[in-house]
Protein chains: 4
Amino acid sequence: MARPRSDIRRTSILEAATRVISAQGLAAAATSAIAKDAGVSNGSLFVYFDTKSTLLNALYVQLKKEMADAAFADLPASADARAQLRHLWSRWLAWATSHPDKRRTLAQLEVSDDISAESHNLVRESQRDMADLLERSRAGGPMADVPISFALVVTGAIADATMDALIRDPSAPEARSEAAFEAVWRVLAG
Amino acid sequence: MARPRSDIRRTSILEAATRVISAQGLAAAATSAIAKDAGVSNGSLFVYFDTKSTLLNALYVQLKKEMADAAFADLPASADARAQLRHLWSRWLAWATSHPDKRRTLAQLEVSDDISAESHNLVRESQRDMADLLERSRAGGPMADVPISFALVVTGAIADATMDALIRDPSAPEARSEAAFEAVWRVLAG
Amino acid sequence: MARPRSDIRRTSILEAATRVISAQGLAAAATSAIAKDAGVSNGSLFVYFDTKSTLLNALYVQLKKEMADAAFADLPASADARAQLRHLWSRWLAWATSHPDKRRTLAQLEVSDDISAESHNLVRESQRDMADLLERSRAGGPMADVPISFALVVTGAIADATMDALIRDPSAPEARSEAAFEAVWRVLAG
Amino acid sequence: MARPRSDIRRTSILEAATRVISAQGLAAAATSAIAKDAGVSNGSLFVYFDTKSTLLNALYVQLKKEMADAAFADLPASADARAQLRHLWSRWLAWATSHPDKRRTLAQLEVSDDISAESHNLVRESQRDMADLLERSRAGGPMADVPISFALVVTGAIADATMDALIRDPSAPEARSEAAFEAVWRVLAG
DNA sequence: TATGAATGAGGTTTCATTCAT
DNA sequence: AATGAATGAAACCTCATTCAT
């Protein structure tokens, strides 16, 4: 029993939340402000999300997934680890720079206490592919012996830093992206 | 001639803020909760800080400074860049792991909209020494041509990731710290 | 489609404000006290009035209008100026003596800094009819050459004084009212 | 045992209160603001006045007395009632126009709930001279039979209205004052 | 289901007054 | 006596959530 109209509303609320949070910060993002930005009534928001926290968690998981999907799109299946990581890196940064509000919102949600352990776990699972690729990338390299989660976090940190730098100062994105990728590769593979 | 304003009180408020924020998150850190935790009346807090925002900014700047001071303590002045960075790295991580609440609070403040541009500038100036050291470290290496601010951010990001990993899973800190330092060095100096 | 905003509620808030202000004074009239007196939740008050100041201004304008309407009710259209002013004067005093709380509230609001210039202007316009009547009353008399606004203010001042005197000491209202009207007429028409 | 230094302080606090109240309104006149304006510490204010209310009452009584003294200064003792009232009227208006802040403060205090019945009584007594003069002025006139207090209030109301008009629009003060006096005389003596 | 008014707990800040110095 | 920090009770207002329509 599909509810197409409902899905549109749900989506528009999530999009509005992204806009409001990225513009005014998480603290100032009232549910009423989100609802109004979505062109939806105050009460309707709570039809689609039981709780503000529910909404934030849903948004977090969805943005994370969207970012991962963008990164893995058109991955050259038969290429070697470096070429694949390279491809992914470029897609990743492209997504971040073309959706700065989503990126900024994600940064806010990442440190929010509203995001539950369950959501963090969900996201971690969706990063399985990423972990596999990193595993292959670091094989035989200096990072081979630390927990893979650490490699993931460090890679993510460099990616975040790069995204923020690119968004803040959009000049010469290619060179910056290139330099950052080489740095990541040195971190992983030596 | 009246009761003098007490540094102890001011400090205890800042410490209480650190505790409350790290325990409950920035959003849930009410001034009344901070005051109570500091063993001070609600109104007293506003004797020492005009505004909640003022308090948060002061806390941010102080924690940043404290972290930098801890990192640069006992720096071997005549050593080469790698040895100095190594020393600093180890002090840095030691500070973070022995003050997990300060570290967590700092992470929250870093993304808060309450932290003013002025505070960020103040902090940036206090990172001048760090920038100099990174400058010497990357000389001749693959990161020599990107803006120094980018090198700073990436180094900071790896440090943050390492700190969080160490705090979350405190096993084998030496090995992890060692691995992370080598990663940073590869990033900077190749 | 939702519960409509209720005029009854709005009115009951304004009435409660009148009661609280007249009983305890403007300074002591907390929004919470007004809401409670109106039998309405604290937050509801702010559904109907964005701000305490908004509420006070609305109350001021409404009371002024109500007073003017009461004064002009059943005005004998074809009578001469003196008869009309006489009629108005008696209605005016009757309103004030039968609504002492409104009268007292008005006196408080009149000197409040919360009442905006806009509200004062609104009220002034609603006194146009009054100004016209005074204009006709003073024609050829000793007050013919001062600004009409001055005649208005003086008349209003005598009225205020009379109202206060009648409310404070309600004995022989007719004689007092009569004496005051004759005084006003002497002021205007000589 | 004179306390000249203290008297100076007491006076400076009262003067500061006048300034602050006339500038910002009674509601916004915090004791700390008054103390600061007086160049005195917060706590000192409460050495001279037990309570904010005490201060306001003292200020009210003093300003009223000052106004009365100014009005009666140099009264031609042997002149007839009209000449004396004329003289008084002119002094009265002169005081108000040369001390607009005192006048404005008085207007605020007049309606404040902080002013006690006792203060009002004190003031009424100090108006005994005024009442006597009005008594002589209205003798044989149309106002001869109403309570003298009513004559006092009406006269005061016209005076207030005139003062406010003069302060708001200082053009042609002589003519306005003259017109107002004639109006008062018509009210009292017909 | 959609709406938006209703609710009331809770947040920040002010301020008269007290008290240690 | 003078000072100004300390106090805590309000005050105004916001906002997540509920509920009548």
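Predicted model, so just to flag it, every value in this text is computed and none were measured. Atoms considered below: every heavy atom in the structure, side chains included; atoms not considered: hydrogens, waters and symmetry mates. Quick note on labels: first sequence line is chain A, next is B, and so on, each numbered from 1.
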At under 4.0 Å between heavy atoms, what does B/S6 touch on the DNA or RNA strands: base, sugar-phosphate, or nothing? nothing
Are B/S44 and F/dT7 close enough that a side-chain N or O sits under 4.0 Å from OP1 or OP2? yes
In this structure, CG of C/L122 is separated from CZ of C/R124 (nearest 0.5 Å) by 10.5 Å
Give the nucleotide from the list F/dC13, F/dA16, E/dA5 with an atom nearest to the side chain of C/Y48. E/dA5
What is the distance from CG of D/L55 to P of E/dT17, rounded to the nearest Å? 10 Å
Please answer whether the main-chain N or O of B/T18 pairs with a side-chain N or O of B/T105 as donor and acceptor at a distance below 3.5 Å. yes
For a 4.5 angstrom cut-off between non-hydrogen side-chain atoms, does D/L56 reach D/L26? yes
Pair C/E110 + C/K64: basic N to acidic O under 4.0 Å: yes
If you check every side-chain atom of A/T51, which of F/dT7, E/dT13, F/dT17 has the closest atom? F/dT17
Side chain of C/D114, backbone of C/N57: donor and acceptor closer than 3.5 Å? no
Integer-rounded Å distance: F/dA6 C1' and D/F46 CZ: 14 Å
F/dA5 OP1/OP2 closer than 4.0 Å to side-chain N/O of B/R5: yes
Pick the closest DNA chain F nucleotide for C/A30 and for B/V40 by heavy atoms, then say which residue is nearer the 5' end. B/V40
To the nearest Å, give me how far apart CZ (D/R10) and P (F/dA2) are. 14 Å
Give, for atom OG of C/S22 and atom CZ of C/R103, the distance between the pair rounded to the nearest 0.5 Å. 12.0 Å
Rounded distance in Å - CD1 (B/I8) to P (F/dA5): 16 Å
Give a yes/no answer on whether the side chain of B/R9 brings an N or O atom under 4.0 Å of OP1 or OP2 in F/dT7. yes
Could you pick out which residue, D/G39 or C/G43, lies toward the 5' side of DNA chain F when each is mapped onto its nearest nucleotide? D/G39
Between F/dA11 atom P and C/L45 atom CG, what is the distance in whole Å? 13 Å
Do any side-chain nitrogens or oxygens of B/T31 fall under 4.0 Å of OP1 or OP2 in E/dG11? no
Find the distance C/K52:NZ to F/dC12:P and express it as a whole number of Å. 4 Å
Rounded to the nearest Å, what distance is computed from the CD1 atom of residue B/I13 to the C1' atom of nucleotide F/dA6? 11 Å
Using atom CG of D/D50 as one end and atom P of F/dA1 as the other, report the distance to the nearest whole Å. 12 Å
Searching all strands shown, indicate the nucleotide that pairs with F/dT21 (Watson-Crick or G-U wobble; both distances under 3.5 Å). E/dA2
Counting only distance, no hydrogens or angles, is the base of E/dT17 paired donor-acceptor with the side chain of D/N42 under 3.5 Å? yes
Can a side chain N or O of C/S41 be found less than 4.0 Å away from OP1 or OP2 on E/dA6? no
Residue-phosphate contact under 4.0 Å: D/S32 side-chain N/O, E/dC15 OP1/OP2: no
C/R3 side chain, from C-beta outward: closest of E/dC19, E/dT12, E/dA6: E/dA6
Mate of E/dA16 where both pairing distances stay under 3.5 Å, Watson-Crick or G-U: F/dT7
